Enquirer: 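One structure follows; several queries about it will come next.
These values consider heavy atoms only, across backbone and side chains, with no hydrogens, waters or symmetry-generated copies. Remember, it's 1-based here, ligands and their atoms both numbered in the order they're listed. Since the model is a prediction, treat every value here as computed from it, not as a measurement.
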Amino acid sequence: MVSVTWTVASFSLSPLQVSSFLVQQMHMSQTAMRASHKDFETAVNQMKLLKKDPGNEMKLKLYALYKQATEGPCNMPKPGVLDLISKAKWDSWNALGSLPKETARQNYVELVSSLSSSESSSQGKPGADSKQPGYETLVVTSEDGITKIMLNRPTKKNAITTQMYQDIVLALEAAGKDDSTITVLTGNGDYYCSGNDLNNFTDIPPGGIEEQAKNNAILLRNFVGCFIDFPKPLVAAVNGPAVGISVTLLGLFDIVYASDRATFHTPFTHLGQSPEGCSSYTFPKIMGPAKAAEMLIFGKKLTAREACAQGLVTEVFPDSTFQKEVWTRLKAYSKLPPNAMRTSKQLIRNVEREKLHATNSEEISALQGRWRSEECTNAVMNFLSRKVKL
Ligand SMILES: CCCC/C=C/CC(=O)SCCNC(=O)CCNC(=O)[C@H](O)C(C)(C)COP(=O)(O)OP(=O)(O)OC[C@H]1O[C@@H](n2cnc3c(N)ncnc32)[C@H](O)[C@@H]1OP(=O)(O)O
């Protein structure tokens with residue numbers, strides 16, 4: 001797939017953010033010393049050396065300032081509303097109005113300089129997203145008969161990128177074949193997972209939204225299929241709030257342990273979308289049709305205790321002792337005879353395996369329609385431009 005992105009001084013831009021910051025930029029440096037063309041060139045090169053992605057909002061600001069500094073006020077026709085990326089670029093640049101080129105240059109230089117210094121001062125600090133060799137955004141460890149797959153984008157609430165869907169599939173395939181007896185999925189940081197990374201929708205291939213919907217459908221079918229067919233006991237350690245697909249998938253796990261800080265939220269309607277992860281089948285079966293409808297159609301958010309009362313969660317632990325209690329329990333389970341555990345899991349799953357795959361297919365064809373809809377496009381745009389927070 002060729003992703004439609006912008007490259008400004010080595011960073012690809014794929015966001016939707018129209019920030020009032022851009023307007024503030026117009027006034028920010030009017031009294032500051034003017035940056036020379038050489039300072040500007042140095043800043044452009046400095047951007048190439050940054051190790052950390054500065055985030056979509058910042059990339060948009062830089063894009064707009066760069067264009068203003070090099071070409072002057074926005075002179076392009078306004079793109080159509082469905083051309084999300086071009087529209088966001090246009091909005092950002094256009095918001096700079098008649099900001100003089102020299103001021104834009106100065107603001108660009110200051111912004112890059114602040115990025116460089118915050119990067120050098122935060123190097124090695126805990127809490128930042130870190131990359132493990134092999135996987136971009138997962139940490140996979142195997143110990144005491146347990147393979148742990150940890151989502152590792154804490155600064156983005158562990159939102160699942162396209163790459164991450166593929167990495168999770170690879171990690172599950174490997175875990176299914178390794179020596180461990182139990183596999184655990186969990187999140188790093190304060191969130192378990194905030195669901196699909198909504199920026200995935202801005203990565204538009206040459207064939208446009210149609211092709212994007214087809215690619216997402218293939219990705220999702222394979223991803224959910226892996227959970228349906230996972231051969232060993234699969235446990236979710238829900239360490240914090242869970243949103244979207246990270247909630248719906250829970251119906252395919254064998255055990256779900258949750259911190260009492262966790263919440264369970266499936267805002268599909270708000271996003272102009274429909275349920276996935278086989279939840280249109282598993283949720284009514286687990287909690288009854290009325291409770292399932294309130295979650296899946298109306299986006300009702302459940303606390304951990306409510307989710308437990310409704311059968312989606314196996315057990316809730318106080319957040320302060322969550323890790324200790326869960327891992328002690330799992331270590332004991334991992335010593336049980338592995339083949340007997342696998343056989344029992346397979347027997348339970350075989351009863352409804354076909355039904356689950358059929359549900360997965362049906363949900364995905366409904367979603368393909370949703371992804372092409374204006375309701376979905378507008379909702380995603382709203383989130384990415386921060387007009388609403390779910
Ligand atoms: C291709 C297969 C498709 C499968 C479809 C699946 C359906 C779903 O999963 S639907 C659910 C999608 N998820 C959401 O709608 C959640 C969106 N996020 C939020 O509402 C909020 O971020 C939050 C409630 C999760 C957290 O709010 P909080 O104020 O605590 O933190 P923020 O400042 O908003 O987040 C920090 C940082 O993380 C970015 N981020 C968080 N979640 C997502 C996400 N799902 N997609 C993209 N980005 C996300 C957020 O933008 C912030 O980034 P910046 O620091 O760069 O602003």
Enquirer: Using a 4.0 Å cutoff against the non-hydrogen atoms of Asn216, which atoms of ligand 1 qualify?
Expert: 1 (C)
Enquirer: Among side-chain atoms of Thr147 and Thr183, is any donor-acceptor pair under 3.5 angstrom?
Expert: no
Enquirer: For the residue pair Asn339 / Arg342, report whether a side-chain donor-acceptor contact shorter than 3.5 Å exists.
Expert: no
Enquirer: Does any N or O atom in Leu220 lie less than 3.5 angstrom from one in ligand 1, N or O only?
Expert: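 Such a contact does not occur with ligand 1.
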Enquirer: Does any N/O atom on Lys156 come nearer than 3.5 Å to any N/O atom on ligand 1?
Expert: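 N/O-N/O distance under 3.5 Å: yes.
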Enquirer: Just let me know how Ile160 lines up against ligand 1, side chain, backbone, both or neither, with a heavy-atom cut-off below 4.0 Å.
Expert: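 No part of Ile160 is near ligand 1 at this cut-off.
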Enquirer: Given the rule that I, L, V, M, F, W and Y join up when any side-chain heavy atoms are under 4.5 Å apart, are Tyr257 and Tyr192 in one cluster?
Expert: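 Hydrophobic grouping puts Tyr257 apart from Tyr192.
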Enquirer: I'd like to check which ligand 1 atoms, numbered from 1 as shown, lie under 4.0 Å from a non-hydrogen atom of Trp371.
Expert: 3 (C)
Enquirer: Closer than 4.0 Å to some heavy atom of Tyr165 - which atoms of ligand 1 meet that?
Expert: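 Answer for ligand 1: 2 (C), 3 (C), 4 (C).
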Enquirer: Within the 3.5 Å criterion, strictly below it, is a donor on Asn382 or Asn378 matched to an acceptor on the partner's side chain?
Expert: no
Enquirer: Can you tell which part of Phe223 has a heavy atom less than 4.0 Å from ligand 1: side chain, backbone, both or neither?
Expert: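 Contact part for Phe223 vs ligand 1: neither.
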Enquirer: Counting each atom of ligand 1 from 1 as listed, which ones have a heavy atom of Leu271 under 4.0 Å away?
Expert: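 Contacts of ligand 1 toward Leu271, numbered from 1: 10 (S), 11 (C), 12 (C), 15 (O).
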Enquirer: For Gln273, which residues count as a side chain to side chain donor-acceptor pair (under 3.5 Å) partner, sequence neighbours excluded?
Expert: Trp371
Enquirer: Does Ser194 reach ligand 1 with a nitrogen or oxygen that is under 3.5 Å from one of the ligand's nitrogen or oxygen atoms?
Expert: yes
Enquirer: Should one rank Asn196, Ile218, Leu249, Thr155 by closest heavy-atom distance to atom 45 (N) of ligand 1, which comes out on top?
Expert: Asn196
Enquirer: Quick one: does ligand 1 sit under 4.0 Å from the side chain of Ala159, the backbone, both or neither, non-hydrogen atoms only?
Expert: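 Under 4.0 Å from ligand 1, Ala159 contributes side-chain atoms alone.
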Enquirer: Examine distances only and state if a side-chain atom of Asp197 and a backbone atom of Asn199 form a donor-acceptor pair shorter than 3.5 Å.
Expert: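 The answer is yes, because a donor-acceptor pair under 3.5 Å joins these two groups.
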Enquirer: Among Leu96, Asn94, Thr103, find the residue that satisfies the side chain to side chain contact (heavy atoms under 4.5 Å, CB included) test when tested with Gln68.
Expert: Leu96
Enquirer: Do the rings of Phe253 and Phe227 sit parallel, tilted or perpendicular, given the 30° and 60° boundaries?
Expert: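 Phe253 vs Phe227 ring planes: tilted.
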Enquirer: Tyr191 heavy atoms, cut-off 4.0 Å: which ligand 1 atoms fall inside?
Expert: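 In order of numbering, the contacting atoms are 23 (C), 24 (C), 25 (C), 26 (C).
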Enquirer: Output yes when a side-chain donor or acceptor of Asn239 lies under 3.5 Å from a complementary backbone atom of Gly187, and no otherwise.
Expert: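 Checking the backbone N and O of Gly187 against the side chain of Asn239, a donor-acceptor pair under 3.5 Å is found.
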Enquirer: Taking only heavy atoms of Gly195 into account, list the atoms of ligand 1 that are under 4.0 Å away from them.
Expert: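 Those of ligand 1 that fall under 4.0 Å from Gly195 are 9 (O).
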Enquirer: With a cut-off of 4.0 Å, which atoms of ligand 1 are near a heavy atom of Lys157?
Expert: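 Taking each heavy atom of Lys157 in turn, ligand 1 has 30 (O), 31 (O), 35 (O), 36 (C), 41 (C) under 4.0 Å.
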Enquirer: Answer with yes or no whether Asp197 contacts ligand 1, where contact means a heavy atom under 4.0 Å from a ligand atom.
Expert: yes
Enquirer: How does Phe201 reach ligand 1, by side chain, by backbone, by both or by neither, if only non-hydrogen atoms under 4.0 Å count?
Expert: neither
Enquirer: Should Asp167 and Glu136 be marked as a side-chain contact (heavy atoms from CB on, under 4.5 Å) after you check the CA-CA gap, both sets of side-chain angles, and the distance that decides it?
Expert: CA-CA 8 Å; Asp167 283 349; Glu136 189 72 33; 3.8 Å; yes
Enquirer: Without hydrogens or angle criteria, can the side chains of Gln310 and Arg305 be said to hold a donor-acceptor pair below 3.5 Å?
Expert: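 Distance-only check fails for Gln310 and Arg305.
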Enquirer: Does ligand 1 come near enough to Gly244 that some N or O of the ligand is less than 3.5 Å from an N or O of the residue?
Expert: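 Such a contact does not occur with ligand 1.
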